[in-house]
Amino acid sequence: MSKTENNLGKGKHDRDFSVMFAALGDPTRLAIFDRLADGKPRSISTLSDDADMTRQAVTKHLRVLESAGLVQNHRVGRESQYAFCPDQLAQARAYLDQVAGRWESALMRLKTFVEDDDS
């Protein structure tokens, strides 16, 4: 694989996570996501009762979280239940660990360079 192909693959991967990070970048969506992170599915009405916003507003935020793969929607009778999706978050964590590893490696090379330069 050429360097260009490798960078293109990383770019696509980064963009996939950028949707998720953008979804979690909104304080309201982050609060909704945090409520669902306990694993207990909740209805739109339950989520809107505890929030200071309308059902329509909560629904819009849930759709953004759903399109980012962070929550799933399940119909229970006439009601939509939203639940936390741990898989997407686990993939994001693995990605962030990989990025952190690259930074650690770069910092170690810089440290070695600076220490060798002082000698």
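Note that the coordinates shown come from a computational prediction; the quantities given were computed from them, not determined experimentally. Atoms considered below: every heavy atom in the structure, side chains included; atoms not considered: hydrogens, waters and symmetry mates.
- Atoms OG1 and CD, from T46 and E79 in turn, are 6.5 Å apart once rounded to the nearest 0.5 Å.
- In this structure, D52 places its CG atom where only 12 or fewer heavy-atom neighbours from other residues, nucleotides or ligands lie under 6.0 Å away.
- Side-chain N or O atoms of R42 include none that pairs as donor or acceptor with a backbone N or O of L47 at under 3.5 Å.
- Applying the side-chain hydrogen bond (donor to acceptor under 3.5 Å, both in side chains) test to R93 and every residue at least two apart in sequence or in another chain returns nothing.
- Closest approach of G69 to Q88, counting heavy atoms only: O-CB, 3.2 Å.
- The two atoms that bring R29 and A23 nearest to each other are NE-O, 2.9 Å, heavy atoms only.
- The line from CD1 of I32 to CG of L70 is 12.0 Å long, rounded to the nearest 0.5 Å.
- Counting heavy atoms from C-beta outward, S80 and H74 have side chains that stay 4.5 Å or more apart.
- Residues L62 and L36 form a side-chain contact, since some pair of their non-hydrogen atoms from C-beta on lies under 4.5 Å apart.
- Within the 4.5 Å cutoff, the side chain of V64 has no heavy atoms near those of the H61 side chain.
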Can you list the steps and then say if S105 with R109 is a side-chain hydrogen bond (donor to acceptor under 3.5 Å, both in side chains)? CA-CA 6 Å; S105 177; R109 288 192 308 272; 2.8 Å; yes

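- When all heavy atoms of F17 and Q91 are compared, the closest pair comes out as CZ-O, 3.5 Å.
- In this structure, the side chains of L89 and F33 come closer than 4.5 Å at one or more pairs of heavy atoms.
- Rounding to the nearest 0.5 Å places CD of Q72 at 12.5 Å from CG of L65.
- Linking ILVMFWY residues whenever their side-chain heavy atoms come closer than 4.5 Å, directly or via other members, leaves L107 and L96 in distinct clusters.
- Heavy-atom minimum distance, S43 versus Q81: CB-NE2, 3.7 Å.
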